[in-house]
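For reference, the structure is listed below as structure tokens.
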Amino acid sequence: MKHSRSDFPPDFLFAAATSSYQIEGHGFGGAGETHWDTFAATPGNVVRAEHGRVACDHYHRMDDDLDLCRDLGLDAYRFSTSWARVLPEGRGTPNPEGLDFYDRLVDGCLERGLKPMATLYHWELPSPLADLGGWRNRDIGNWFADFTEVIMSRIGDRVFSAAPINEPWCVSWLSHFEGHHAPGLRDIRATARAMHHVLFAHGRAIEVMRGLGMSNLGAVCNFEYAFSADDSEEAREAAARYDAIYNRFFLGGLFKREYPERVLEGLAPYLPEGWQDDFDTIAAPLDWLGVNYYTCKRIAAAPGPWPHLTDVPGPLPKTQMEWEIYPEGLHHFLTMAHREYSKGLPIVVTESGMANGDRIGREDSERMAYIDAHLAQALRAIEDGVPLDGFTYWSLLDNYEWALGYKKRFGLVHVDFETQTRTPKAAYHALAKALAT
Ligand code: FCB
């Protein structure tokens, strides 16, 4: 790799990320059913109908996986806590085994000199709460606050940082408008409500964690660079609409106490009554912003109802996900978030990475080049004044890539899903070398 630790400021943190449902093995340890289990059990939703019951068996291999983080030379490890593992019914009686598991995980990080970066929710909603409407129901603010209280009363004294919800856009738009993720809805009213409630629940969790005396609390949003597919006025306006929905709605709520006009045009009639009154909760002060960034899209105008847009294929080299590689987008969002929204708050790249075909025992040069190119954009952002504190690779391990199953390999470490053997890839060794110098 071209870059090394010494290119970055002395306190800059290098991390790797995972999430609970994608690696733990949801069938173990008394976890309750989630909407991802039932989504995956419904034909047509997930490639090969794959699910997270065993995943990477991290539930039983946590120590080995944390050793891999330590040996890579990381400063921090970003993980998430499964709501249904802690509260199998979503509410009520906690599962002691689940609480013990996260307790051991946090201690395991600390013993290895890794800073534990916790995310409370990375997408596996307990089924009993999905039955009550899930993210469409405003009560999720209270359910989520209660979950936050239970889990953080146990680990909040030792985590380095915490964020309530991973990627509000995916939780709401991708899952309720596009239907690609659980609960698989395609309904504009459900979408509007989920988009607002996800921010409301975020705010309630921040309130609870402040009440517990925790600090270093943030929000993690995902971003996608929107090119207009051609020079027409219609395409440019469609790209701006896409940008507003994807990249500006959640930042607007969190940092400006408002939603973009371009989104309200379509969603205002479907937002819950009195939504404007929730900004005191939603915009509670934060300590940092997490930026997840992978790719760009080419947006064209399309006939039909709002948002009147579609995307078309682009010319750049693509990853195994068929996502175009556009590292400059990372610089764009770091500077845009800093200048227009977070205004001086520390920013952390909380996810960046690529899926590459099975690379066991082979070169993984595309992944190294991807990391290098994104580190270069992170450095450019620092030079341009962005208070960037860290860079997190997605993901430590090959894992359950949601609706696309186990064949999309984002890991620095290869996982054989038959035997659960872990094999560090060439990119793991290259990154270890870069971090050691
Ligand atoms: C992000 C998700 C993560 C993983 C990567 C590829 O949107 O946070 O779980 O699926 O994409």
Side-chain angles (χ1 to χ4, degrees), residues 15-26 34-36 39-40 45-47 50-52 55-56 58 77-83 117-125 162-182 194 198 202 218-225 245-247 250 289-297 318-327 329-330 333 348-357 366-367 370-371 374 391-413 415 427:
T18 62
S19 91
S20 41
Y21 193 81
Q22 290 176 278
I23 66 164
E24 286 175 0
H26 203 75
T34 77
H35 70 176
W36 263 97
F39 183 75
N45 283 341
V46 178
V47 178
E50 287 170 349
H51 50 73
C56 305
H58 173 74
Y77 173 59
R78 177 171 179 252
F79 65 94
S80 74
T81 52
S82 162
W83 190 338
M117 295 164 61
T119 303
L120 281 156
Y121 181 82
H122 198 129
W123 305 355
E124 66 278 67
L125 188 72
I165 291 160
N166 181 66
E167 302 187 345
W169 180 88
C170 289
V171 174
S172 53
W173 190 272
L174 185 67
S175 311
H176 295 77
F177 195 82
E178 298 186 6
H180 293 322
H181 278 188
V198 86
H202 156 92
V220 174
C221 296
N222 57 318
F223 300 89
E224 210 171 81
Y225 192 86
I245 296 167
Y246 203 120
N247 302 316
F250 304 100
L289 170 68
V291 168
N292 292 2
Y293 173 76
Y294 291 90
T295 189
C296 60
K297 282 254 164 60
K318 297 181 182 61
T319 70
Q320 195 197 10
M321 299 287 278
E322 296 297 319
W323 291 349
E324 281 187 279
I325 302 175
Y326 182 61
L330 179 61
F333 287 117
V348 179
V349 175
T350 31
E351 285 182 30
S352 165
M354 82 178 286
N356 208 4
E366 299 88 350
R367 195 183 319 270
Y370 187 100
I371 298 174
H374 288 78
F391 183 94
T392 311
Y393 182 78
W394 179 274
S395 178
L396 175 69
L397 304 171
D398 289 341
N399 61 44
Y400 180 59
E401 181 43 42
W402 305 112
L404 300 177
Y406 288 97
K407 290 207 171 144
K408 304 294 183 200
R409 293 183 173 271
F410 278 92
L412 292 167
V413 175
V415 176

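Remember, it's 1-based here, ligands and their atoms both numbered in the order they're listed. FYI, the numbering just counts along the sequence from 1. Values below: all heavy atoms of this structure, side chains included; hydrogens, waters and symmetry mates excluded.
With hydrogens and angles disregarded, a donor-acceptor distance shorter than 3.5 Å links the side chain of Ser80 to the backbone of Ser20. A donor-acceptor pair is defined here as one N or O able to donate and one able to accept, closer than 3.5 Å; no such pair exists between the side chain of Thr295 and the backbone of Ile325.
Looking at residues two or more places apart in sequence or on another chain, you find no side-chain hydrogen bond (donor to acceptor under 3.5 Å, both in side chains) involving His374.
With salt bridges taken as basic N to acidic carboxylate O contacts below 4.0 Å, none links Lys407 and Glu50.
For a heavy-atom separation below 4.0 Å, the residues in contact with ligand 1 are Gln22, His122, Trp123, Asn166, Glu167, Tyr294, Glu351, Trp394, Glu401, Trp402, Phe410.
No option in Glu366, Arg367, Lys408 other than Glu366 meets the side chain to side chain donor-acceptor pair (under 3.5 Å) test with Asn356.
Checked against a 6.0 Å centroid threshold, the rings of His35 and Trp123 do not count as neighbours.
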